[in-house]
Amino acid sequence: MKYKIALHHSDEGYSASVPGLPGCWSQGKTEAEAFANIEVAIREYFSVAEDLLKDAEVREIELDPRL
């Protein structure tokens, strides 16, 4: 899957966040490190989300791409 990443540069390095996944962010001293770290953060985000849904009735919805 592909995710849009917001990358910000500062004097301390780079921060990365995923606008479509609230609270999913990471950082690194280099751009490459920030991308590697945000990939780990995305995987952990979905792992936690999956755990939270264990006892829930889950359904899917498909959105019309024209909207």
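For clarity, every value in this text was computed on a predicted model and none was experimentally measured. Below, all heavy atoms of this structure are taken into account, side chains as well, without hydrogens, waters or symmetry copies.
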* Asked: Taking S10 for the side chain and E12 for the main chain, is one N or O donor matched with an acceptor at less than 3.5 Å?
  -> yes

* Asked: Counting heavy atoms not belonging to D55, are there more than 12 under 6.0 Å from its CG?
  -> no

* **Distance-minimising heavy-atom pair for Y45 and P22** => CE1-O, 3.2 Å

* Interatomic distance, I5 atom CD1 to E39 atom CD [nearest 0.5 angstrom] -> 9.5 Å

* Taking all atoms of both residues into account, what is the closest heavy-atom pair of N37 and G28, and its distance? -> ND2-CA, 4.1 Å

* Asked: Looking at side-chain heavy atoms only, is the closest gap between W25 and V18 below 4.5 Å?
  -> no

* Answer yes or no: is there a side-chain heavy-atom contact under 4.5 Å between M1 and Y3? => yes

* Nearest non-hydrogen partners of P19 and A6, listed with the distance -> CD-N, 4.2 Å

* To do: Evaluate side-chain contact (heavy atoms from CB on, under 4.5 Å) for F35 paired with L7, printing each intermediate quantity in order.
  => CA-CA 9 Å; F35 271 102; L7 189 66; 3.7 Å; yes

* Minimal non-hydrogen separation, S26 against I38, with atom names -> N-CD1, 3.7 Å

* Asked: Is a side-chain donor or acceptor of E50 paired with a backbone partner of F46 at a separation under 3.5 angstrom?
  -> no

* How long is the span from the NE2 atom in H9 to the OG atom in S15, to the nearest 0.5 Å? -> 10.0 Å

